[in-house]
**Q** 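One structure, as structure tokens, below. Some questions next.
We're numbering straight along the sequence, starting at 1.
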Amino acid sequence: MGFTTWLLLGAVALALFVMARGRLSWPRPRRAVVSHRDLSAVVEAIGPRRCQVATAALGDLARSANSETISACWEELEGPLLAALPDCPPEHKPALAEALTECAQACANRHTAQSMMELRNSLLEQPAPLPPEP
């Protein structure tokens, strides 16, 4: 065997040794960790209590200021919250609207923030008065 063959075998052996030690690895793209929060309290709450629990959960999400977490949680939270809106007490709606605003401002995902603001705006709209009966 010639010098070139030994040099090549040495390089291969060195590469295998380094790879076995974990020093040489292909770069992996870093994925942002999405912290999945336990929203079971919101989903399991019934009637007006769901609005109150959702307000607290939205406030916590807004304070976390993690857009990916907010988006992931909003996907789970939107449906149950919409279902609970008819039962939401009128005196609690401003607090829920404020929590939605804070959460939407903390979220960089435009679609999620827009969805939150649409729900907020529907909370603040006054229902049209019924026409008088003849």
**Q** Taking atom SG of C107 and atom CD of E68, what is their separation to the nearest 0.5 Å?
**A**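 Here the interatomic distance stands at 9.5 Å.
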**Q** Taking atom OG of S64 and atom CD1 of I70, what is their separation to the nearest 0.5 Å?
**A**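 So the OG of S64 and the CD1 of I70 are separated by 5.0 Å.
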**Q** Are side-chain heavy atoms of R120 and M116 found at a separation under 4.5 Å?
**A**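 With C-beta onward as the side chain, the pair stays apart.
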**Q** Can you name the closest pair of heavy atoms from A99 and G59 and give their distance?
**A**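 Of all heavy-atom pairs spanning A99 and G59, the closest is CB-N, 4.4 Å.
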**Q** Distance check, rounded to the nearest 0.5 Å: L81 atom CG versus T55 atom OG1?
**A**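 So the gap between those two atoms works out to 7.5 Å.
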**Q** May I ask you to decide if S71's main-chain N or O and T112's side chain share a donor-acceptor pair within less than 3.5 Å?
**A**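 Pair absent, no side-chain N/O of T112 close to backbone of S71.
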**Q** Any idea which heavy atoms bring A106 and A62 closest together, and the distance?
**A**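 Nearest pair, atom of A106 first, then A62: CB-O, 3.7 Å.
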**Q** Would a hydrophobic clustering, with Ile, Leu, Val, Met, Phe, Trp and Tyr connected at side-chain separations under 4.5 Å, put L58 with L82?
**A**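 Cluster IDs for L58 and L82 match.
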**Q** Between atom SG of C103 and atom CG of L119, what is the distance when rounded to the nearest 0.5 Å?
**A**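 Here the interatomic distance stands at 11.5 Å.
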**Q** Any heavy-atom pair between the side chains of D60 and R63 that's under 4.5 Å?
**A**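 Yes, their side chains come closer than 4.5 Å.
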**Q** State the CG-CD distance between L123 and E98, to the nearest 0.5 angstrom.
**A**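 Output value for this atom pair is 12.0 Å.
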**Q** Where do D87 and I46 land on the side-chain contact (heavy atoms from CB on, under 4.5 Å) test, with the steps shown first?
**A** CA-CA 9 Å; D87 299 330; I46 298 172; over 6 Å; no
**Q** Where the side chain of S115 meets the backbone of H111, is there a donor-acceptor pair that is under 3.5 Å apart?
**A**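 Such a contact is absent between S115 side chain and H111 backbone.
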**Q** Going only through I, L, V, M, F, W and Y residues with side-chain contacts under 4.5 Å, is there a path from V43 to W74?
**A**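 No, no single cluster joins them.
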**Q** Nearest 0.5 Å, please: how far is CZ in R50 from SG in C88?
**A**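 C88 SG to R50 CZ: 11.5 Å, rounded to 0.5 Å.
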**Q** Where do Q52 and H92 come nearest, in terms of heavy atoms and distance?
**A**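 It is CA-NE2, 3.4 Å.
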